[in-house]
Novice: 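Let me give you the structure first, and then I'll get to my questions.
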Amino acid sequence: MAKQYWKAGNMLYPLPAALVSVRDQNGKPNLITVAWTGTCCTNPPMLYISVRKERYSHSILLDTKEFVINLTTEDMTFATDFCGVTSGRTVDKFKECRLTPIASRYVNAPSIEESPVNIECRVKEVLSLGSHDMFIAEVLGVTIEDSYLDEQGRFNLDHAKPITYSHGKYYTLGETLGKFGYSIKK
């Protein structure tokens, strides 16, 4: 097997293609597409998003210290892309994408009704890393669409048809290959 050496870069893939919602101090909501996101701690539940400093939502995040991560589905692919290539300075992304902002329980930022999972977060720390600032946040609450729950009340990821992002392209997830611990189960 032959391999090539490339310059340093992010080759971690795929990543979630998430829509992050914020609301500024004047009450104006905005959406930003984020793929640089993930879990950082289980207890307390914490995650992060990384946002370029020149993005419109960056200053809102610094000011309000709260946001909602809205997971995306195959049906939301157009909106996910649109919110990543347009600016909330000039466009009402909720309106243009026909997405419905709904009240969140723990933060002032709206959740997206069409999203299967809404994760309400409050920023605990901001790390300046270069091109992006990393917003490390505590998860305050999670809302899950009832139609994605199975008979036992567990979230059924397959029915949600989530999308991911990798090197400029959007993908759906494939088939289930196993579950945690299957390699040692007798």
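The figures that follow rest on heavy atoms only: side chains count, while hydrogens, waters and symmetry mates do not. Here the structure is a predicted model, which means the values were calculated and not measured.
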Novice: Do Glu66 and Cys121 have side chains that get closer than 4.5 Å, going by heavy atoms?
Specialist: no
Novice: Can a donor-acceptor pair be found, under 3.5 Å and without considering hydrogens, that links the side chain of Thr72 to the backbone of Thr80?
Specialist: no
Novice: Is there a chain of hydrophobic side chains (I, L, V, M, F, W, Y, each step under 4.5 Å between heavy atoms) that links Val68 to Leu99?
Specialist: no
Novice: Under 3.5 Å, side chain of Glu120 to main-chain N/O of Tyr106, donor-acceptor pair present?
Specialist: yes
Novice: With ILVMFWY side chains joined below 4.5 Å, transitively, what does Tyr182's cluster contain besides itself?
Specialist: none
Novice: Do the side chains of Leu62 and Leu47 join up, straight or via other hydrophobic residues, at under 4.5 Å, putting them in one cluster?
Specialist: yes
Novice: How about Ile49 and Ile69: do any of their side-chain heavy atoms sit closer than 4.5 Å?
Specialist: yes
Novice: In a check of side chain to side chain contact (heavy atoms under 4.5 Å, CB included) between Ser21 and each of Val107, Ile102, Leu31, which one passes?
Specialist: Leu31
Novice: Any side-chain donor-acceptor pair under 3.5 Å between Asp150 and Asn156?
Specialist: no
Novice: Counting only N and O atoms by type, is there a donor-acceptor contact under 3.5 Å from the side chain of Ser115 to the main-chain atoms of Val117?
Specialist: yes
Novice: Are side-chain N/O atoms of Ser104 and Ser111 paired as donor and acceptor at under 3.5 Å?
Specialist: yes
Novice: Would you tell me whether Tyr56 and Asn30 have side-chain atoms, one donor and one acceptor, within less than 3.5 Å of each other?
Specialist: no
Novice: Can Thr64 and Asn108 be counted as having a side-chain donor-acceptor contact under 3.5 angstrom?
Specialist: no
Novice: Please check if atom CZ in Arg89 has more than 12 non-hydrogen atoms from other residues, nucleotides or ligands closer than 6.0 Å.
Specialist: yes
Novice: Quick one about Ser128 and Lys53 (side-chain donor to acceptor, distance below 3.5 Å, no hydrogens or angles considered), yes or no?
Specialist: yes
Novice: Looking only at heavy atoms, what is the nearest atom pair of His58 and Val51, with distance?
Specialist: CD2-O, 3.7 Å
Novice: Does the Asn26 side chain pair with the main chain of Lys28, one donor and one acceptor, at a distance under 3.5 Å?
Specialist: no
Novice: May I ask you to decide if Phe135's main-chain N or O and Lys124's side chain share a donor-acceptor pair within less than 3.5 Å?
Specialist: no
Novice: Between Lys93 and Cys83, is there a donor-acceptor pair closer than 3.5 Å when you use the side chain of the first and the backbone of the second?
Specialist: yes
Novice: Is the backbone of Pro14 close enough, under 3.5 Å, to the side chain of Ser166 for a donor and an acceptor to pair up by distance?
Specialist: no
